[in-house]
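Order of the sequence lines sets the chain letters (A, B, ...), proteins ahead of strands, with each chain counted from 1.
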Amino acid sequence: MSDRVIGATIESVTFRDFPGVVGELSPEQFTGLVSGETFERIDRRGKHLWLAFDGGDGLFVHLMMTGQLLLLRPGAERARFEHLRLGLSSGWELAYADQRKFGRVLRYSDQQWAAKEGQIGPEPLDTSFTTALLVSSMRSRTSPIKAFLLDQRKVAGIGNIYADEALYRARIYPGRSTGSLDDAEIERLHVAIRAVLQEGIERRGTTLSDYMDADGARGTNAANLRVYGKGGKAVCEECGCPLERVVIAGRGTHFCPGCQHDEGR
DNA sequence: TGTTATGTTGCCAT
DNA sequence: TATGGCAACATAAC
């Protein structure tokens with residue numbers, strides 16, 4: 001998005017059928033606050049996006065389950081489930097669409113973004129994300145490792161798909177108590193987290209139904225998944241066991257009972 | 001036609 | 001503080 005957004009000024013704001021997409025502000029308040037602002041920088045922490053204005057403050061965006069940020073040409077037909085469109089001086093329009101309306105485009109002060117950012121755990125692809133860091137944050141926790149991985153305060157950016165994929169690659173049962181993992185298991189998990197995320201990025205995202213990039217292109221990582229969505233529908237490509245689906249941490253959890261034992265190793 | 005599942009997170013109760 | 005359940009919403013697949 002950077003090429004078409006950085007340096008561009010917001011010239012128009014159009015609301016569609018869900019003004020709540022911008023939070024508590026009325027459409028008039030939001031329009032007044034962002035009109036004339038120029039984007040200086042696009043940042044990201046985990047799944048949280050930050051589109052910073054050049055004079056300070058900016059837009060905080062979270063896509064949640066079904067959100068889409070789209071760059072459209074002026075006059076382009078309203079996207080399905082489009083709720084907000086920002087007309088930019090660069091000759092593009094930045095639209096936000098979201099079938100389930102969980103996501104938000106919020107006007108945040110720098111302080112609000114700093115506070116939000118401070119809540120988010122380490123970036124798993126940064127060099128600062130070491131096995132030792134993971135070991136110390138996992139110590140003496142009793143919740144399932146799957147719940148730990150989904151907690152954005154512990155590690156940034158892992159969602160339900162990548163949690164299941166990482167645990168499968170590390171051969172760890174998702175229901176294992178976080179604090180019960182030994183050093184070798186945590187080392188495998190560290191490697192697996194980085195691998196599944198890196199591969200997902202290389203394939204430009206896991207599109208199961210809604211995800212698309214700003215050009216409307218689908219990611220191809222769905223074809224790279226080994227377990228997610230396959231419980232009861234496929235066998236493990238390593239051991240041939242039928243894959244299973246259970247609910248852990250309130251989320252559908254897919255795993256191989258042959259490779260991911262309840263008691264480690 | 002009803003029931004259940006879906007990629008996330010915050011709030012609430014314990 | 002840590003943990004677990006559930007609601008927010010629209011749609012697709014059983």
Is a salt bridge present between A/R78 and A/D17, judged by a nitrogen-to-oxygen distance below 4.0 Å?
yes
Check the angle between the aromatic planes of A/Y108 and A/W50 and answer parallel, tilted or perpendicular using the 30° and 60° thresholds.
tilted
Kindly assign one of parallel, tilted or perpendicular to the pair A/F18 and A/H83, based on the angle between their ring planes and the thresholds 30° and 60°.
perpendicular
Positions of residues 147-159 of chain A (non-hydrogen atom under 4.0 Å from DNA chain B), listed by number:
A/Q152, A/G159
From CD1 of A/I145 over to P of C/dA2, roughly how many Å is that when rounded to an integer?
15 Å
Would you please confirm or rule out a distance under 4.0 Å between OP1 or OP2 of C/dT3 and any side-chain N or O of A/T142?
yes
Can you tell me how far P of B/dT8 sits from CG of A/L49, to the nearest Å?
14 Å
Contact list for residues 30-45 of chain A, test side-chain hydrogen bond (donor to acceptor under 3.5 Å, both in side chains), sequence neighbours left out:
A/T9-A/T38, A/R41-A/D43, A/R44-A/E123, A/R45-A/E123
For A/H48 and B/dT8, give me the distance from atom NE2 to atom P, rounded to whole Å.
11 Å
Note, DNA chain B 5' to 3' with Watson-Crick or G-U pairs under 3.5 Å encoded as ( ), [ ], | and . gives .|||||.|||||||
Using 4.0 Å as the upper bound for N to carboxylate O, is an ion pair formed by A/E185 and A/R176?
yes
Please classify the nucleic acid contact of A/R251 as base, sugar-phosphate, or nothing, using heavy-atom distances under 4.0 Å.
base
Hits for side-chain hydrogen bond (donor to acceptor under 3.5 Å, both in side chains) against A/T130, two or more places apart or cross-chain, chain-then-number order -> none
Which part of the nucleic acid, if any, lies within reach of A/D210 when heavy atoms closer than 4.0 Å are counted: base, sugar-phosphate only, or nothing?
base
Ring pair (Phe, Tyr, Trp, His ring centres under 6.0 Å) between A/H62 and A/F102: does it pass, once the steps are laid out?
CA-CA 9 Å; A/H62 200 302; A/F102 291 168; over 10 Å; no
Can you list the residues that meet the ring-ring contact (aromatic ring centres under 6.0 Å, His included) rule with A/F39, with sequence neighbours excluded?
A/F53
Side-chain N,O (A/R245) to OP1/OP2 (B/dT6) below 4.0 Å:
yes
Are any of the side-chain nitrogens in A/K230 or A/E237 under 4.0 Å away from the carboxylate oxygens of its partner?
no
Using atom P in both nucleotides, what's the gap between C/dC9 and B/dC12 to the nearest angstrom?
16 Å
Residue closer to the 5' end of DNA chain C, A/G250 versus A/F81 (nearest nucleotide)
A/G250
Can you work out whether A/S143 or A/R80 has the more 5'-proximal nearest nucleotide on DNA chain C?
A/S143
Can you tell me the distance, in whole Å, between the CE atom of A/M65 and the C1' atom of C/dA12?
13 Å
Looking at A/H62, does any N or O in its side chain come under 4.0 Å of the phosphate oxygens OP1/OP2 on B/dT9?
yes
Measuring from atom CD1 of A/I193 to atom CG of A/L134, what distance do you get when rounded to the nearest 0.5 angstrom?
5.5 Å
Please determine whether a side-chain nitrogen of the Lys or Arg among A/K146 and A/D164 lies less than 4.0 Å from a carboxylate oxygen of the Asp or Glu.
yes
From CG of A/L208 across to P of C/dT11 the rounded distance in Å is 18 Å
Which residues in residues 99-119 of chain A have at least one heavy atom lying under 4.0 Å from any atom of DNA chain B?
A/R100, A/K116
Surrounding CZ of A/R107 (heavy atoms of other residues, nucleotides or ligands, distance under 6.0 Å), is the total greater than 12?
yes
If you look at every strand shown and take non-hydrogen atoms under 4.0 Å, does A/Y211 touch a base, only sugar-phosphate, or nothing?
base
Integer-rounded Å distance: C/dA8 P and A/H83 NE2:
17 Å
How many whole angstroms separate atom CG of A/N160 from atom P of B/dT6?
8 Å
Would you kindly give the CD-to-P distance between A/Q68 and C/dC9, to the nearest whole Å?
19 Å
